[in-house]
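Below: one structure, written as structure tokens.
One-based numbering, in listed order, for ligands and for the atoms of each.
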Amino acid sequence: MRVGVLTGGGDCPGLNAVIRAVVRKGTFHYEDGFVGFMEGWRGLLEDKTMELDLSSVGGILPRGGTILRTSRTNPAKHDNGLQHCVENLKKHGCEALIAIGGDDTLSVAQKLFSNGVKVVGVPKTIDNDLSGTDFTFGFDTAVNVATSAIDRVHTTAEAHNRVIVVEVMGRDSGWIAAYSGIAGGADVILIPEVPFDIDQVAELIRQRQARGRYFSIVVVAEGAKFADGNEKHSESSSLQPGRDEFGHLRLGGIGSTVAYEIEKRTGFESRSVVLGHIQRGGTPSAFDRVLATRYGLGAIDMVHRGEFGQMAALRGNRIISIPLLEAVASNRKVSQEILDAAIGILDKLDYKVTKVS
Ligand code: F6P
């Protein structure tokens with residue numbers, strides 16, 4: 001069978017491991033041939049391809065990024081875009097398509113499926129916010145990067161009696177903030193799911209000071225919101241249009257605002273750091289390499305079982321197949337269990353303040 005493969009949306013450590021697994025199992029077990037569509041949906045729309053075979057996937061397992069490159073192109077926003085995609089698949093003799101991406105990429109995959117394309121999805125995002133799967137690959141790597149950054153700012157914050165705010169990615173869900181905040185022992189964790197009261201955050205930091213803890217670490221997800229504001233923080237220093245083709249604002253900057261507001265209220269010297277794309281670049285963790293490989297193997301098996309309009313998903317420790325519709329229906333928010341873990345480790349005073357917010 002000839003199978004098309006593409007990677008869409010923000011890149012993510014482990015994309016190459018998925019591509020490699022798909023091509024290796026497809027070649028060795030099913031005698032498939034592959035076409036790589038370049039730069040996400042743009043490649044399918046504009047017919048930009050590369051040959052995908054055993055030699056092109058050699059040595060890519062530990063490499064970050066994606067050999068197919070990526071973009072945030074949305075074919076549904078282009079004239080007859082979905083139709084062009086269908087035609088280009090036909091032109092290359094593709095009987096099936098594996099789309100590796102997050103909710104945006106997979107929502108296009110679902111549209112193409114409704115237009116008769118035999119498509120299988122693979123869940124990708126460092127944000128871990130796709131429904132229907134316990135973990136997306138890339139998340140573990142991002143959490144490890146953020147945790148080691150939090151460890152590092154801890155020692156310098158303590159040395160200077162400072163508050164340091166660490167801004168991590170997480171547009172709609174605070175999974176990276178919650179996990180890295182717990183793993184790094186942050187004193188305050190601010191996530192999009194729970195709008196925060198900055199006065200309460202400042203009070204919590206004051207209480208720590210009163211107990212002889214002269215420094216504090218705050219982890220904030222880029223999509224977190226002040227309780228009294230309704231907009232997310234977006235970057236203003238950009239020459240590009242503010243929104244991508246899926247309508248998303250370019251976020252960033254909440255960390256420095258939070259640091260400023262804390263300093264204003266407490267008088268404690270505060271600093272902020274933005275981890276940004278450092279969380280997305282570089283080599284995947286061992287966990288992500290294994291998970292991404294299992295997703296790739298699951299996806300090519302699904303193609304040969306004829307499970308189209310479906311996505312490979314992790315449930316417990318098993319790779320299963322779920323409808324794409326279920327995956328893109330809504331963002332997966334940080335679970336109550338993880339929220340409880342984040343506040344459960346705080347002492348009684350901190351807990352009181354955090355609980356109220
Ligand atoms: O991959 C998802 C994500 O990490 C979001 O958390 C973030 O808002 C977005 O990507 C930023 O990506 P880019 O700068 O590539 O548009």
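- Residues I322 and R315 come closest through the heavy atom pair CG2-NH2, 3.7 Å.
- Considering backbone and side-chain atoms together, H277 places an N or O closer than 3.5 Å to an N or O of ligand 1.
- The nearest heavy-atom contact from the protein to atom 13 (P) of ligand 1 is R72 NH2, 3.5 Å.
- Between M38 atom CE and T49 atom OG1 the span is 8.5 Å, to the nearest 0.5 Å.
- For the salt bridge (charged side-chain N to carboxylate O under 4.0 Å, His left out) with D187, the lone residue among R208, R211, R213 that qualifies is R208.
- Neither the backbone nor the side chain of R250 has any atom closer than 4.0 Å to an atom of ligand 1 (non-hydrogen atoms only).
- The shortest side-chain heavy-atom distance between I254 and F226 falls under the 4.5 Å cut-off.
- The side chain of D127, and not its backbone, has at least one atom closer than 4.0 Å to an atom of ligand 1 (non-hydrogen atoms only; side chain from C-beta on).
- No N or O atom of D11 sits closer than 3.5 Å to an N or O atom of ligand 1.
- When R280, R171, H248, M169 are checked for heavy-atom proximity to atom 12 (O) of ligand 1, R280 turns out nearest.
- One finds the CG atom of D47 at 10.0 Å from the CG atom of L89 (value rounded to the nearest 0.5 Å).
- Contact annotation: the side chain of F139 never approaches that of D127 to less than 4.5 Å [non-hydrogen atoms, C-beta and beyond].
- For E222, a nitrogen or oxygen atom sits less than 3.5 Å from a nitrogen or oxygen atom of ligand 1, counting backbone and side chain alike.
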